[in-house]
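These values consider heavy atoms only, across backbone and side chains, with no hydrogens, waters or symmetry-generated copies. Everything numeric in this text was worked out from a predicted model, so none of it was measured.
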Number of protein chains: 2
Amino acid sequence: MNIGEVAKRAGLPPKTIRYYEDIDLIRPQRSANGYRSFRESDVHKLTFLGRARALGFTIEDCRILLGLYEDETRESAQVKEIAAQHLVSIDEKIAQLRSMRDTLAELVRACHGDDRPDCPILSDLSGQG
Amino acid sequence: MNIGEVAKRAGLPPKTIRYYEDIDLIRPQRSANGYRSFRESDVHKLTFLGRARALGFTIEDCRILLGLYEDETRESAQVKEIAAQHLVSIDEKIAQLRSMRDTLAELVRACHGDDRPDCPILSDLSGQG
DNA sequence: CCTTGAGCTTCCAGTGACTGGAAGGGTTAT
DNA sequence: ATAACCCTTCCAGTCACTGGAAGCTCAAGG
């Protein structure tokens, strides 16, 4: 299977797949003409990677998860540990964004937004609010 | 004022301040010895930048906001427009993170997390959930 | 006067996870 | 044969810094 078809099936751009090979996440074989030749197992791995990345796991998380995915004897506790840690960091990110959002929403609300020059948003940012 | 003191007062690392000069956000003067020499107005601008960045505005947003901040005749509508757009993109980011969080939380909940190898998290990621 | 240590300078390189584009070779269909 | 499309590699750029090396300046202590 060439990279184009794999890309369609795994839902990832060819560029990304080449990049994943570059950083040793996958190791596709090569055809006589130099083209990458993917097996079904590569498609599975790439699908796995796409989903994990969509859930916000870092590449290094993915590398570990992929190792566990391929390890028949792994303990589910190891996987749960990584996922739970990631869950915490997502929650932190959400909390941080919410706080930013609330501050900004208040500033936007307070700004009359017309042709007058005085603006609570800039006042606040300059520390003169 | 040298960069060290400005850094303390504006709450930004010296490296970041040099970088901001590099990309023309600020233009500090120079002393005879080659050191950067900051005025009060530079400290104000850097404080402004620090706060805007903390609210998640991009550097390019900051460049525009800084321009408006220095323009005595700006219309508050222009500022409100940028802030409101940013608010929308924060809301989108939060929504996306929440969706990721919910999916992941469900997977973590479903994983028994012991020494057995079967794991709903990996099953789901592999598309065999 | 000399040294020590802190603070300043520039420049280069790396981060994460791709993405765009150029230059060139292979394949397929007409 | 030729067009159109696929594949290859390599280089550079993204964003907003951050780390580190090599070297200059300055203030204080002996």
Side-chain angles (χ1 to χ4, degrees), chain A residues 1-39 42-43 45-66 86 89-90 93 96-97 100, chain B residues 1-39 42-43 45-66 86 89-90 93 96-97 100:
Chain A
M1 207 182 325
N2 284 348
I3 201 166
E5 196 187 335
V6 177
K8 260 180 224 148
R9 289 187 50 196
L12 293 171
K15 278 270 187 190
T16 299
I17 296 174
R18 290 191 197 102
Y19 171 70
Y20 286 170
E21 181 188 16
D22 220 49
I23 60 172
D24 277 331
L25 278 178
I26 51 165
R27 300 172 183 277
Q29 296 183 302
R30 294 286 174 144
S31 304
N33 61 8
Y35 287 16
R36 288 172 185 79
S37 178
F38 296 84
R39 288 157 298 182
D42 293 317
V43 179
K45 279 199 218 175
L46 287 167
T47 305
F48 182 99
L49 287 169
R51 290 177 195 227
R53 292 285 304 124
L55 281 175
F57 286 97
T58 66
I59 288 287
E60 289 317 304
D61 281 339
C62 288
R63 202 186 294 281
I64 296 169
L65 288 172
L66 209 51
H86 183 46
S89 82
I90 292 177
K93 233 177 251 166
Q96 198 185 348
L97 279 174
M100 278 170 37
Chain B
M1 207 181 326
N2 285 348
I3 200 168
E5 196 188 334
V6 177
K8 258 180 225 148
R9 288 186 52 196
L12 292 172
K15 277 273 189 188
T16 300
I17 296 175
R18 290 192 197 102
Y19 171 69
Y20 286 170
E21 181 187 16
D22 220 50
I23 61 172
D24 277 330
L25 278 179
I26 50 165
R27 298 172 184 276
Q29 296 183 302
R30 294 288 174 142
S31 306
N33 60 10
Y35 286 16
R36 287 171 185 80
S37 177
F38 297 84
R39 289 158 297 182
D42 292 317
V43 179
K45 279 199 217 173
L46 287 167
T47 305
F48 182 100
L49 287 169
R51 290 177 196 227
R53 292 286 302 124
L55 282 176
F57 286 97
T58 66
I59 288 287
E60 289 317 305
D61 281 340
C62 288
R63 202 186 293 281
I64 297 168
L65 288 172
L66 209 52
H86 183 45
S89 84
I90 291 178
K93 232 177 251 167
Q96 200 185 349
L97 278 175
M100 278 171 36

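- With salt bridges taken as basic N to acidic carboxylate O contacts below 4.0 Å, one links A:R63 and A:E60.
- To the nearest angstrom, P of D:dC5 lies 20 Å from CG of A:N33.
- Taken residue by residue, residues 7-22 of chain B places heavy atoms nearer than 4.0 Å to DNA chain C at B:K15, B:R18.
- Atom P of nucleotide C:dT28 and atom OH of A:Y35 are separated by 8 Å, given to the nearest angstrom.
- Computed from coordinates, the B:I3 CD1 to D:dT25 P distance equals 18 Å when rounded to whole Å.
- Within the structure, every side-chain polar atom (N or O) of A:R63 is placed at least 4.0 Å from both OP1 and OP2 of C:dA17.
- In this structure, B:I23 reaches neither bases nor backbone, as no heavy-atom distance under 4.0 Å exists between it and the strands shown.
- Scanning both residues, B:L97 and A:I90, for their nearest heavy atoms gives O-CG2, 3.9 Å.
- Of the charged side-chain nitrogens involved, none lies within less than 4.0 Å of a carboxylate oxygen, so that A:D42 and A:K45 do not count as a salt-bridged pair.
- Checked by atom type and distance alone, the side chain of A:H86 pairs as donor or acceptor with a backbone atom of A:L55 at under 3.5 Å.
- When the P atom of C:dC18 is taken as reference, atom CG of A:D24 falls 15 Å away, rounded to whole Å.
- Taking atom CG of residue A:N2 and atom C1' of nucleotide D:dT8, one finds them 11 Å apart after rounding to whole Å.
- A donor-acceptor pair is defined here as one N or O able to donate and one able to accept, closer than 3.5 Å; no such pair exists between the side chain of A:N2 and the backbone of A:G4.
- Distance CD (B:E60) to C1' (D:dA16): 11 Å, rounded to an integer number of Å.
- One interatomic measurement links the two molecules: CD1 of B:I59 to P of D:dT18, which rounds to 11 Å at whole-angstrom precision.
- Put simply, CZ on A:R36 is 13 Å from C1' on D:dC6, counting in whole angstrom units.
- With contacts defined as side-chain heavy-atom distances shorter than 4.5 Å, the pair B:R27/B:E21 does not qualify.
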